[in-house]
Protein chains: 2
Amino acid sequence: MEKQRKRAPSQRSLQTREKILDAAERVFAERGFDGASIRDIAAAAGVQAGLVHHHGGSKEALFARTVARRAETLSQLRLDALENRRAAGPLTARDLLDCFMGPYIHMAGSGGPQWLAYARLVAHVSADPRWRDLAADWFDPTARRFIAELAALSPGADPRRVAAGFVYAVAAMLAHLTSGWRVGALGLAEGGAEAGDLLDFCVAGIEATLAPAAM
Amino acid sequence: MEKQRKRAPSQRSLQTREKILDAAERVFAERGFDGASIRDIAAAAGVQAGLVHHHGGSKEALFARTVARRAETLSQLRLDALENRRAAGPLTARDLLDCFMGPYIHMAGSGGPQWLAYARLVAHVSADPRWRDLAADWFDPTARRFIAELAALSPGADPRRVAAGFVYAVAAMLAHLTSGWRVGALGLAEGGAEAGDLLDFCVAGIEATLAPAAM
DNA sequence: GCTTATTTTGGTCGATCGTTCAAAATAAGT
DNA sequence: ACTTATTTTGAACGATCGACCAAAATAAGC
């Protein structure tokens with residue numbers, strides 16, 4: 001049984017893979033998993049439908065790949081921000097939330113339209129129990145880390161309260177990133193809400209959950 | 001052109017309508033609009049597929065009907081709670097948020113499993129720009145009312161900041177109601193987070209947005 | 001009880017879905 | 001340049017989708 005020799009993927013292939021992932025990100029973000037068709041994604045990428053399967057595997061695998069791609073980058077940005085901030089001195093709740101939310105907000109604002117699509121994609125993932133394991137694999141480790149850091153700020157805090165507060169903060173962040181389609185409806189500014197408002201809201205909320213439990 | 005005489009719908013028909021709406025609520029909540037099929041809904045309701053169209057119209061109309069049914073009840077509960085609380089004395093931010101969230105939390109907890117399904121359904125609506133108009137029609141009027149009440153508490157507050165904070169609070173509430181499938185993953189209690197934690201978080205966050213803008 | 005409108009059934013329609021595949025085109029290795 | 005593996009095309013496959021309809025069953029009005 002001779003080993004079949006593998007060959008490194010061509011550069012053209014790598015470009016196509018990214019084109020397909022970008023297209024999948026946009027289409028999945030707009031219409032969700034079931035609303036998006038392989039043919040829609042292929043058309044958005046400018047390739048044939050069969051090619052999507054060749055590069056992305058099944059539709060579920062493609063979806064998982066799309067979620068995973070930026071999740072890795074995002075986690076690294078968050079953890080790096082945390083280390084840098086820690087080196088600068090003692091951490092506050094605002095520091096921690098800024099390290100967690102800052103990279104996402106920044107990339108969504110100036111990292112190109114793909115990052116904004118990714119935020120909408122994550123909103124779909126969060127709304128569908130079907131992707132529980134996917135979300136747990138890619139988001140929970142970093143979330144757990146930040147929850148632990150937050151809980152460590154207040155020795156008397158109830159860890160479950162802090163975890164709940166963190167979930168609320170993440171939900172608010174996703175709402176902030178995806179509220180573009182609500183613009184104007186509720187008196188929000190044209191370009192959506194300000195990132196500072198989000199941070200103020202979440203810091204105050206988290207600090208409330210950090211307070212020692214009342215008797 | 002003789003007017004064709006209408007006939008009142010039979011009671012059996014009304015029961016079937018509700019069975020179908022309940023089934024649609026469950027299936028739409030679990031799999032979203034595109035993931036749910038008319039046949040799935042019909043099977044869950046124990047009727048034939050054609051009957052779903054007869055009672056609910058097109059799939060989109062059925063979805064809209066499903067969203068609208070409890071939205072009406074919910075708005076009324078919220079506005080009633082607001083009037084009752086107002087009669088008891090001057091309102092605080094906590095009062096207002098409790099009037100808005102309380103009915104939902106209460107119905108989700110003890111109003112039967114259908115109300116919990118409805119919360120997941122609303123999460124899908126919030127994640128999909130396709131239902132912008134639907135959400136605006138059924139949720140915005142009441143939301144606007146509560147935003148105005150909140151803003152009135154603090155004359156120096158920026159209305160847009162308050163609106164943003166309210167959107168964050170709603171997102172946190174939906175996360176609270178639908179976080180059952182995250183239970184345990186992040187250290188949350190088995191039965192999900194406590195409603196009190198949600199209210200504490202949101203009150204603190206909203207009060208932060210009510211503070212007069214710094215110079 | 002007879003008539004009429006409504007409710008329900010069971011099946012079918014064309015369209016579109018995810019997936020597969022053989023063949024053509026392209027690029028890499030020697 | 002020749003060989004070989006990979007990438008891409010274009011077209012199919014069966015399954016399932018939303019929607020529709022004629023006929024049967026049921027209930028309401030007289």
Side-chain angles (χ1 to χ4, degrees), chain A residues 1-25 27-28 30-67 124 128 130-131 134, chain B residues 1-25 27-28 30-67 124 128 130-131 134:
Chain A
M1 49 175 177
E2 288 281 341
K3 262 193 186 173
Q4 182 170 340
R5 289 208 301 202
K6 283 187 192 172
R7 201 184 269 181
S10 72
Q11 195 162 4
R12 176 150 164 245
S13 165
L14 292 179
Q15 288 176 347
T16 305
R17 282 175 101 93
E18 276 209 8
K19 267 202 311 183
I20 291 176
L21 272 182
D22 285 346
E25 189 168 62
V27 180
F28 277 140
E30 268 184 39
R31 308 202 241 256
F33 178 79
D34 294 296
S37 74
I38 295 290
R39 286 172 177 81
D40 286 340
I41 294 170
V47 299
Q48 290 287 336
L51 197 54
V52 175
H53 280 99
H54 178 73
H55 280 109
S58 72
K59 191 183 178 185
E60 288 206 10
L62 174 65
F63 188 78
R65 215 181 288 260
T66 308
V67 172
H124 279 288
D128 200 328
R130 181 182 202 165
W131 314 115
L134 187 61
Chain B
M1 46 180 181
E2 289 280 341
K3 261 193 187 172
Q4 184 169 342
R5 290 210 299 203
K6 284 186 192 172
R7 200 183 272 182
S10 72
Q11 195 162 7
R12 176 152 164 245
S13 166
L14 292 179
Q15 288 176 348
T16 305
R17 281 174 102 95
E18 276 208 9
K19 268 202 311 182
I20 291 176
L21 272 182
D22 285 346
E25 189 169 60
V27 179
F28 278 140
E30 268 184 39
R31 307 202 243 259
F33 178 80
D34 295 295
S37 75
I38 296 288
R39 286 171 178 82
D40 287 340
I41 294 171
V47 299
Q48 290 287 336
L51 197 53
V52 175
H53 280 101
H54 179 72
H55 280 108
S58 71
K59 190 183 179 185
E60 288 205 10
L62 174 63
F63 188 79
R65 215 180 287 259
T66 308
V67 172
H124 278 289
D128 200 327
R130 183 183 201 162
W131 312 114
L134 187 62

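In the text below, chain A, chain B and the rest are named by the order of the sequence lines, each starting its count at 1.
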Checking side chain to side chain contact (heavy atoms under 4.5 Å, CB included) for the pair E30(A)/E25(A): CA distance, chi angles, key distance, verdict? CA-CA 9 Å; E30(A) 268 184 39; E25(A) 189 168 62; over 6 Å; no
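- Q48(A) places none of its side-chain heavy atoms less than 4.5 Å from the side chain of H53(A).
- Looking at R31(A) and D128(B), no side-chain N of the basic residue comes within less than 4.0 Å of a carboxylate O on the acidic one, giving no salt bridge.
- Note on R130(A) versus D34(A): salt bridge recorded, some NZ/NE/NH1/NH2 to OD/OE distance being below 4.0 Å.
- Listed pair T16(A) / dT7(D) fails the phosphate criterion, with no side-chain N or O lying under 4.0 Å from OP1 or OP2.
- For the OP1/OP2 pair of dG10(D) and a distance below 4.0 Å, the side-chain nitrogens and oxygens of Q48(A) include at least one atom meeting the criterion.
- Remark: L51(A), H54(A), H55(A) in residues 51-64 of chain A come within less than 4.0 Å of DNA chain D through at least one heavy atom.
- Between Q15(B) atom CD and dT7(C) atom P there is a gap of 13 Å when expressed in whole angstrom units.
- In this structure, F63(B) and F28(B) have perpendicular ring planes: the angle between them is above 60°, well past the 30° mark.
- Of the residues in residues 35-42 of chain B, those with a non-hydrogen atom less than 4.0 angstrom from any atom of DNA chain D are A36(B), S37(B), I38(B), R39(B).
- Among residues two or more places apart in sequence or in another chain, the side chain to side chain donor-acceptor pair (under 3.5 Å) test is passed with H55(B) by S13(B).
- Counting all heavy atoms, side chain and backbone alike, A42(B) lies closest to A49(B) at CB-CA, 3.6 Å.
- Between the K59(B) side chain and the A36(B) main chain, a donor and an acceptor come within less than 3.5 Å of each other.
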